[in-house]
Amino acid sequence: MTDISQTPGAAPAAKPRDGSLFEKDARTKRRNAAEGRFKLYGVGAIGIGLLMLIILVTNIVTAGTGAFQQSFLELNVELKADKLDKKGNRNIEDIKKVSTFGYAPLIASALEAEVQELGIQTDLKPKEMGKILSKSAQAQLRNYVIANPDQIGKTVSFRFLVNSRVDGYMKGRVTRESIANDKSITAAQLDFVDQLRDAGVLYKAFNPDFIFGSDASDQRPEAAGIGVSMLGSLFMMFVVLALALPIGVAASIYLEEFAPQNRLTDIIEVNISNLAAVPSIVFGILGLAVFINYMHLPTSAPLVGGLVLTLMTLPTIIISTRASLKAVPPSIRDAALGVGASKMQAVFHHVLPLAAPGILTGTIIGLAQALGETAPLLLIGMVGFIASNPPDGIVAGFLSPNSAMPAQIYEWSKRADPAFYERAWGGIIILLIFLVTMNTIAVLLRRRFERRW
Amino acid sequence: MALSWLLLILLALAVIGFFTGRSRALASAGGDARDLHSLPSYYGYNVALSALVPALGVLIVWLLAQPMIVNSTVSSLIPEQSIPEGSDRGLIMSEVRRVAVGLDGAVAAGAMTEAQAQDANSDIDQLTATLKDAGQVLTQEISQPILIAAQKYRSMTSTGSVAMQAIVLAVALLGAAFAYIRTHKEFRARNVVEQAVLALLLLAASIAILTTVGIVLSMFFETLNFFQLHSWKDFFFGSTWAPNFRGGSELSILPLLWGTLYISLIALLVAVPIGLFAAIYLSEYATGATRAVAKPLLEILAGIPTIVYGLFALLTVGPALVSMFGEGGALGVGWMASSNAVLTAGLVMGIMLIPFVSSLSDDIINAVPQSMRDGSLGLGATKSETVRQVVLPAALPGIVGAILLAASRAIGETMIVVMAAGAIAKFSGNPFEAMTTITTRIVSQLTGDTDFASPETLVAFALGLTLFIITLGLNIFALYIVRKYREQYE
């Protein structure tokens, strides 16, 4: 051996390692450093992802919680009989003849009286004082009087919404610097607001109307609520549930249990997996072309929205239902067939009940997906519509124009007044609460009923 | 209302059918269920299904066909010369429908009698006044042909719906009677019912095909209409997107496609490295506990609706970027004029796609056989060398597939770009400028008052079809690659 290694012209043996085995040489150090860096990249990537999640969630919470609170002004309004009921006969038709404008003087004088009573010093004219109130205050007063005509002539305590600028000032969104070019409010009015706040009649409080109320025109962000569009979403979810669940389950049973290996089955399977990846806006175009232009179903109706979302959710439900059907072991089917059940009986009496929790989980996740979807709703006219009245009755709920939660949020985000942005974030909080609840239910169902065979 | 009553009657018939069928079967066996071929309830189901299914089928076909027949008949009543300049048959037809609805409303409100509403010689001005008094909305002047067409429309629709109800009920009764007569203890009810149920299951499965056909057809015909009004050369090869509702628009897809691809590219530049490294870390390095926490947390990002990302881009990321790159911003470069920009939309879309890329890549990396890793580690490679030189090359086709799927998702994404990308169509490489995308234009051309005879509206269908084909092609290609790759290691 030694002879060979000493043959002239042979490559010199690799330079022997100098130093101890326990001491890392330069190359090992480099490789280990690369290893550390690589691992760090991975940690960094996950860190960025989680950081984004945290930023997103904090952003939503900080920007949106304000929407649940609203500033109110408490006023004792004297419902003067000579203004509201000139004939004095308390006839409801006569009372209704007084328009909302007729209520403005009542509010103005109530405000003036309150200012005097509280001893507030201000240079503002009564009309300017009244401007800190929301435009909906008069309507609120009028509705109260029409509902309670017997209160005319008495002095009643009311809690009025203040205008969105004042509300923004109370929440810190509007400052004296930011209103420099704003025509709808002056610094003097803000001073007045300060005085009212110190006197304790102007305060922030929880505003249930944001959650249960209806949308308002773009002049009155303070009065806008998400309740009616929530109903729109609810009716859409009814449609989706009523159609997507039975159709999805039936399609999955066919494909998983009965479908022969043939061309048709292949086409159906390819179609389903492709539909799952079609952009949602395309379903909107389908809805517009088929349901609205061809079938003349009413525009903006939750029924149409529900139909479009059904088509969109079907692939999700079919895929998860097939997975849960597949998870039921064949021995169950064999046992049923063995005691004389037909194939159909084996599936419907044994396999389907065992797969039900999985199907339910998949359905809830599909519904959650449909609840948050916006793009197709834009095309079937559920945006740009002011959902100002709750639908009367169930049929109207499906057929009369309405908005939906995500469409309402989009609508608010497009409006000019920044006060609507706060409501958009607030709407997102409500939407996310729904989604989190649905997903939690789905996870709990899976945990509770999942069987390992 | 009539329709829901009809459905209720059908359901009631089915329920009655179930019980009578079952009792007739039992009676034919002398009350002893053991003499029957099938369980008694199958005889009931047989009668119920025979009543319900054909009747519902007729109902659906009728509901689909009636508007088509009525429209074509009524449309032929309107002479060519009575269509005013600048209008078209479609607009006239919608006016006809509006007048018909107005007449219905007026009759229902008691403002006019049925005979008055159907009087072809009635005075147009007086009729208009009556309709307006009854609170009906009319947008155009009613003309004689429109009135006649509207009256024809009303009479056809009402006859049609009466005939439909009669025929549907007759079909239901006949079906129930036929099944009822056939009910006998020798009758193989279970087999018949199971065949019917199987057919229903197949029908449900075919809805996927129907949807695809619906998508393609609904866009295809409108696209054809579009290409009759607008040259296809300009659409595919033009260079300007300038819709003008007074005519003479330039409607080219290329600037939109550029905006779409540019935004998707930025999104992928964000999502792919982060998603890929996250997947590598989760599958190769992370302990079970880390994985159990980090993976679901990352996947929350995928469950957040796109409207939330849109708002995040519009109100948070956009202004933040402007305060950094804008005039007088933190970097003092003044590159960014408004918060609507390619970069804003791209970044946020990238965040949205992180979990998409990471969970797909995670699956693919996990599918690489452990023996390959063991071999590499056994030769003395470090973990990162194993990942870079063995695992990633082996997983590469699958990862490419995952990236293509993410790209298809990015191209079809709507809300983020609608809210944050802007509305200006142009070819530009500057990521701080506003640009527009295919999906954004579809939304803006199809919302609001749309006139389905103008190329400016119809172009949305051509855009939709193109989008559908692009995403479909990407998906099929990506799924093909992923499947091919999976087979390699199975």
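Ranked by heavy-atom pairs under 4.5 Å with chain B, the first of A/A368, A/A251, A/G284 is A/A251. Note on A/N32, A/N293, A/I318: by heavy-atom pairs under 4.5 Å with chain B, the leading option is A/N293. Counting heavy-atom pairs closer than 4.5 Å to chain A, the top residue among B/I354, B/L276, B/T211 is B/T211. Note: B/R388 leads B/R409, B/Q66, B/R388, B/E284 in heavy-atom pairs under 4.5 Å with chain A. Put simply, of B/L315, B/N71, B/N475, the one with the most heavy-atom pairs under 4.5 Å next to chain A is B/L315. In terms of non-hydrogen atom pairs under 4.5 Å with chain B, the most contact-rich of A/I272, A/L431, A/N274 is A/N274. Counting heavy-atom pairs under 4.5 Å between each of A/V249, A/L311, A/V290 and chain B puts A/L311 at the top.
Counting heavy atoms from C-beta on, the side chains of B/L200 and A/Y254 never come closer than 4.5 Å. The shortest side-chain heavy-atom distance between B/I442 and A/V282 does not fall under the 4.5 Å cut-off. In this structure, the side chains of A/F258 and B/L202 stay at 4.5 Å or more apart for every pair of heavy atoms. The shortest side-chain heavy-atom distance between B/S384 and A/K39 does not fall under the 4.5 Å cut-off. When side chains are defined from C-beta on, B/T414 does not count as touching A/P279, because their heavy atoms never get closer than 4.5 Å. A heavy-atom distance below 4.5 Å is not found between the side chains of A/I46 and B/F277. Residues A/L286 and B/M219 are not in side-chain contact: their nearest non-hydrogen atoms beyond the backbone lie 4.5 Å or more apart.
In this structure, A/Y410 places its OH atom where more than 12 heavy-atom neighbours from other residues, nucleotides or ligands lie under 6.0 Å away. Atom OH of A/Y421 sits in a crowded spot, with more than 12 heavy atoms from other residues, nucleotides or ligands closer than 6.0 Å.
Residue A/L399: no heavy atom, backbone or side chain, is found under 4.5 Å from chain B. At a 4.5 Å heavy-atom cutoff, the contact between B/L314 and chain A is made by side-chain atoms alone. Residue B/A279 does not touch chain A at all, counting heavy-atom pairs closer than 4.5 Å. Using a 4.5 Å cut-off between heavy atoms, B/I207 touches chain A through its side chain atoms alone. With a 4.5 Å cut-off on non-hydrogen atoms, B/F461 touches chain A through its side chain but not through its backbone. Contact of A/L275 with chain B is made through the side chain alone, with heavy-atom distances under 4.5 Å. Proximity to chain A is limited to the side chain of B/I280, based on heavy atoms less than 4.5 angstrom apart. Only the side chain of A/I48 has a heavy atom closer than 4.5 Å to any heavy atom of chain B. Contact of A/V43 with chain B is made through backbone and side chain together, with heavy-atom distances under 4.5 Å. Residue contact with chain A, scored on non-hydrogen atoms closer than 4.5 Å, involves the side chain of B/I351 exclusively. For A/L378, the parts lying under 4.5 angstrom from a heavy atom of chain B are both the backbone and the side chain. In this structure, chain A has heavy atoms under 4.5 Å from both the backbone and the side chain of B/T382. For chain A, no part of B/L203 is nearby; none of its heavy atoms comes within less than 4.5 Å. Interface remark: A/I365 contributes no atoms to any contact with chain B (heavy atom separation under 4.5 Å). Heavy-atom distances place both the backbone and the side chain of A/Q345 under 4.5 Å from chain B. Neither the backbone nor the side chain of B/V216 has a heavy atom closer than 4.5 Å to any heavy atom of chain A. Neither the backbone nor the side chain of A/N439 comes within less than 4.5 Å of any heavy atom in chain B. Of the atoms belonging to A/L53, heavy atoms from both backbone and side chain fall under 4.5 Å from chain B. Proximity to chain A (any heavy atom under 4.5 Å) is restricted, for B/V418, to the side chain, taken from C-beta onward. Heavy atoms of B/L198 lying under 4.5 Å from chain A belong to its backbone as well as its side chain. In this structure, the portion of A/L314 lying under 4.5 Å from any heavy atom of chain B is its side chain and not its backbone. With a threshold of 4.5 angstrom between heavy atoms, B/L472 approaches chain A through side-chain atoms but not through N, CA, C or O. Proximity to chain A (any heavy atom under 4.5 Å) is shown, for B/N191, by neither the backbone nor the side chain. Neither the backbone nor the side chain of B/I470 comes within contact range of chain A, judged by heavy atoms closer than 4.5 Å.
In this structure, the ring of B/Y281 has its center no less than 6.0 angstrom from the ring center of A/Y41.
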Working for side-chain contact (heavy atoms from CB on, under 4.5 Å), residues A/E373 and B/I307 | CA-CA 8 Å; A/E373 191 56 60; B/I307 175 87; over 6 Å; no
Might you work through the side-chain contact (heavy atoms from CB on, under 4.5 Å) test for A/V278 and B/T471, ending with a clear yes or no?
-> CA-CA 7 Å; A/V278 168; B/T471 50; 5.8 Å; no
Evaluation steps, side-chain contact (heavy atoms from CB on, under 4.5 Å), between A/I281 and B/V443 = CA-CA 8 Å; A/I281 183 105; B/V443 170; 3.3 Å; yes
Can you check salt bridge (charged side-chain N to carboxylate O under 4.0 Å, His left out) on B/K383 and A/E35, steps first, answer last?
-> CA-CA 7 Å; B/K383 236 174 173 177; A/E35 172 74 23; over 6 Å; no
Can you check side-chain contact (heavy atoms from CB on, under 4.5 Å) on A/F348 and B/V197, steps first, answer last?
-> CA-CA 11 Å; A/F348 278 93; B/V197 171; 4.1 Å; yes
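Atom CD of residue B/Q445 and atom CG of residue A/L379 lie 11.5 Å apart, to the nearest 0.5 angstrom. Put simply, CD1 on B/I274 and CG on A/L51 are 10.0 Å apart, with the number rounded to the nearest 0.5 Å. Taking CD1 of A/I380 as the reference point, atom OG1 of B/T447 lies at 12.5 Å (rounded to 0.5 Å). B/S206 contributes atom OG, which lies 11.0 Å from atom CD1 of A/I247 (distance to the nearest 0.5 angstrom).
The aromatic rings of B/Y285 and A/F38 are tilted relative to each other, their planes meeting at an angle between 30° and 60°.
Closest non-hydrogen pair, A/L435 versus B/P305, comes out as CD1-CG, 3.3 Å. A pairwise comparison of heavy atoms in B/G464 and A/I285 identifies CA-CD1, 3.8 Å as the closest pair. Here the closest heavy-atom approach between residue B/A204 and residue A/A250 is recorded as CB-CB, 3.5 Å. Between B/A381 and A/R31, the shortest heavy-atom distance links the atoms CA-NH2, 3.7 Å. Residues A/A424 and B/L311 share a closest heavy-atom pair of CB-CD2, 3.7 Å.
Applying the salt bridge (charged side-chain N to carboxylate O under 4.0 Å, His left out) test to every pair with at least one member in residues 189-214 of chain B, sequence neighbours left out, gives these pairs: B/R190-B/E194.
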